[in-house]
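Okay, structure first, notes after.
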Amino acid sequence: MRQPIRLSDYTPPSHLIERVDLTFRLDPTATRVTSKIRFRPNPARPGADLRLDGEDLKLISATIDGAKVEVAPDATGLTLPAAHLPDGPFDWQAEVEIDPQANTALEGLYISKGMYCTQCEAEGFRRITYYPDRPDVMAPFKVRIESDLPVLLSNGNPAGQGAGWAEWDDPHPKPAYLFALVAGDLVATRDRFTTASGRDVDLAIWVRKGDEDKTGYAMDALKRSMAWDERRYGREYDLDQFNVVAVDDFNMGAMENKGLNIFNSRYVLASPEIATDEDYASIERIIAHEYFHNWTGNRITCRDWFQLSLKEGLTVYRDQQFMAEARGGAVQRINEALTLRARQFREDGGPLAHPVRPSEYVEINNFYTATVYEKGAEVIRMLATLVGEEGYAKALDLYFDRHDGQACTIEDWLKVFEEATGRDLSQFKRWYEQAGTPRVRVSEEWQDGRFRLRLSQTVPPTPGQPKKAPMAIPVALGLIGANGQEVAPTQVVELTEDEITLDFEGLGTRPVPSLLRGFSAPVVLVHAPEPGALAHLLAHDTDPFARWEAGRRLALQAAEAMILEEAPADPAWLAALAPVVRDESLDPAFRALMLRLPDDETLAAHLADRGTTPDPDAIHAARRAMRRAVAGRFDADLRGLVNALAPVVPYSPDAASAGRRALRMTALGLVAQTDRGEMAEVVFKAADNMTEQLAALACLIDAGRGETALAAFHDRWQQERLVIDKWFALQTGHAQPARAVTVAEGLSAHPDFDWTNPNRFRALFGGLVGNHAGFHRSDGSGYDLLADWLIRLDARNPQFAARMSTAFEAWRRYDSARQARARAALERIGRHARLSRDMGEMVERMLE
Ligand code: TRP
Ligand code: ZN
């Protein structure tokens, strides 16, 4: 395989850029791009050659200071030898031809449904023109677009337009990965925002005709994001226009291009009829995320791609703060813990584990991971916990003051915290350098009125990192007394050694420790609670996260006993759920989360963690039995909830309404375990919103009576591609495990299955992979089917194919027969004729 790129090999750029002028003459198969770049030798690298990156470009002509130059491009770019370059600044001008129509990788300039668009992060700009495509080269850009299409957009402020052309001027120096261009027959929803200092900003959300009635929520989220960043971080917007464009064919969620954010249309378009509450929440979060990048990513960018978490970890942390304020902290935090554990812990515990700041990569696209994003955000959250609110605010002010306009490193980031707070963060830095999820073991001792907690830590070995040094772990904890009163309020203990001991004196009775409150660190807690302790916390803990966690642990214990000992559902667990089902004073969203049992994948991870080999079929059976037990025990209450929470007012996507629907649909799902979907049928027919319609449809499929409803659903929504995605995902996701592969195969032959569209591919195969017992069929048919399709996809869209291959990352968790089949599937992918660098690296790491 290709030589990896190493952090330790970083060298500054040979030349800096003073300004860039680009002209695009758009044509579907022969677009001409002219670039005029004013270079200046970097005094830090005297006499160095100038290397320009370039891939799949046809060079038409090149000049330096107006004089024609002969250059011989290779497969990845061209080199201008120092000997042939002027000593001072000079103008490089080049014309290239590119073929957007043939661009199926969705990187660089491509066409989606007749609309030109670009995706340049991380290294896509080199598919547009020859350029030093690295984030530490920043420059102001001017762009001219020539095309007959009515809407022509690029970064920055509009600088003129006429028949068949438009010009854009972006005065803020930026790296090439933030360049964007969009051209098409688009319509805008417009609004305005006035910044705190009085700058009027024109806002526009651009969509294809027919979608203009689905932009309201995104626009609302955008204005709230802009106001929030002013209020919480003192950060204003800095251009006259802010454009958002929705694109149907897009590899990821969205992209923060300066002044011209480009979104996967699923994260922009919403109406009550077609979007679920979850969709609304994703739109809100991702709109905020991309907007927040304007300061954390764009104005302050990354020196090199190893520093990716500098912008992504921080921007995720910021979008989490925003969402906590918009939708309620406790529920938001529980959801964050759920995703972190499901995605990041799994990555961190397998062959793809890597530090938040990786030290080498073959293909950078493979490092846009849960570790860089979500664990990166957790690291910043811990930092904020350790330095306190004031310290965090001081450090961030210093960060923006000192580094505005620069390309920075994690070291720069940590240094502002050290200077602002006087703390030494050398040990804390290990969070960026050591992979693996730390284990924190806790043991208790109660003697003569003294309660002692012993906390110790270990960090498991990960690929390339067999030995680990102790981490600095903030553990938030409190004590709940036997009478249910809190006897010690939350304190944050810093576990910096291998082991520490904490004593609590003067307690009359033995307390119950409430540990890792608010999920204060991304660690696995290893603690065997006293009998009854979890139920006690579930009933009395003052920290909502810890309260939810207690219920979660009870459910995991119950599941474990059912799977391994074929025990019946634990009566103590069922009894502990009673207040959750009945207590009307609790937040409905919180109750819904409490009633949502750990999914199959979580149970498999839990068993593997405890040293047993998970059996997907046994897990699936146990989970169903658990749900049936809850449904049986609380039948009347659950039906009562479905009835009491029936919608009385028109749909509104706000958090409180969404929380009531979540509880109602959770209750409905449980009722369907015992009434064979009778109630779900009624809800499905009456539903006036996608949240309830989809949830009820899932119940009907689970109950084995989804056929008619599925057909009706398809009929009704066949013109709405985002809804048809849901139709695919639901069927593979909810198929009986024994039939899941057959269902997926059948759907892959459906006329609506367009495998070249990432959303559609992800719907079908993401659904299958999420159907744990279905994907992990013992005969290997799930692995084989996915491998077939990944091979096909890899030849067309390597970035997306490699991302989908992470479905295999936990393959070593399972029994030897399954392992053999997964290995064979991975090896087959690794041997295919058009194996990409992206996929080659993934397969190699997973097989290592
Ligand atoms: N920077 C983007 C974000 O976090 C994500 C991103 C990186 C991306 N590479 C991409 C999006 C490629 C689409 C395609 O918001
Ligand atoms: Zn981001």
Side-chain angles (χ1 to χ4, degrees), residues 103-110 112 117-128 133 135 155 174-182 218 221-222 225 229 244-268 282-302 304-323 339 343 356 358 361 363-377 380 757-759 761-762 797-804 836 838:
N103 181 355
T104 59
L106 313 188
E107 264 188 298
L109 178 68
Y110 64 96
S112 168
C117 67
T118 56
Q119 172 54 43
C120 293
E121 189 178 5
E123 298 179 331
F125 192 72
R126 61 189 62 185
R127 294 167 182 278
I128 291 176
D133 190 5
N155 315 90
K174 66 168 178 291
Y177 82 87
L178 291 171
F179 168 80
L181 176 152
V182 168
L222 175 60
S225 303
D229 214 15
V244 169
V245 181
V247 178
D248 281 352
D249 298 278
F250 204 68
N251 277 345
M252 309 248 267
M255 181 62 213
E256 69 265 23
N257 315 301
K258 183 80 186 191
L260 178 54
N261 289 359
I262 299 183
F263 275 63
N264 186 323
S265 51
R266 68 186 294 221
Y267 295 123
V268 174
S282 300
I283 290 168
E284 186 174 29
R285 187 175 62 76
I286 296 176
I287 287 273
H289 180 98
E290 306 311 331
Y291 176 74
F292 295 160
H293 267 315
N294 192 50
W295 276 92
T296 54
N298 300 4
R299 290 186 69 123
I300 304 182
T301 194
C302 301
D304 54 72
W305 293 118
F306 296 101
Q307 321 297 328
L308 183 57
S309 198
L310 178 75
K311 74 177 176 82
E312 295 303 347
L314 176 54
T315 304
V316 170
Y317 180 59
R318 277 150 52 72
D319 82 50
Q320 291 178 350
Q321 291 181 300
F322 170 79
M323 289 297 276
T339 2
R343 299 191 32 236
V356 171
Y361 61 77
E363 171 51 64
I364 187 57
N365 283 332
N366 289 335
F367 287 82
Y368 286 77
T369 59
T371 297
V372 167
Y373 277 65
E374 270 77 32
K375 187 176 180 177
I380 293 176
N757 175 260
N759 287 354
F761 190 100
R762 194 187 298 101
N797 185 341
Q799 185 188 344
F800 179 55
R803 183 159 281 270
M804 292 299 295
S836 66
D838 307 57

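Both counts, for ligands and for their atoms, begin at 1 and track the order of listing. All values below come from the heavy atoms of this structure, side chains included, with hydrogens, waters and symmetry mates left out.
Within 4.0 Å of ligand 1, counting heavy atoms only, the contacting residues are Gln119, Glu121, Phe250, Met252, Ala254, Met255, Glu256, His289, Glu290, His293, Lys311, Glu312, Tyr368, Tyr373, Gln799.
Inter-residue side-chain proximity for Lys258 and Asn298 is flagged as met; some heavy-atom pair is nearer than 4.5 Å.
Note on Glu107 versus Arg126: no salt bridge recorded, every NZ/NE/NH1/NH2 to OD/OE distance being 4.0 Å or above.
Glu312 contributes OE1 as its N, O or S atom closest to the Zn ion (ligand 2). For His289, the N, O or S atom closest to the Zn ion (ligand 2) goes by the atom name NE2.
For Phe800, the ring pair (Phe, Tyr, Trp, His ring centres under 6.0 Å) partners two or more places apart in sequence, or in a different chain, are Phe761. Residues that satisfy the side chain to side chain contact (heavy atoms under 4.5 Å, CB included) test with Asn103, not counting sequence neighbours, are Ala105, Tyr110. Here Phe306 pairs with Tyr361 under the ring pair (Phe, Tyr, Trp, His ring centres under 6.0 Å) rule; sequence neighbours left out.
Around atom CZ of Arg762, more than 12 heavy atoms belonging to other residues, nucleotides or ligands sit under 6.0 Å away.
Between Trp305 and Tyr368, the angle of the ring planes lies from 30° to 60°, which puts this pair in the tilted group.
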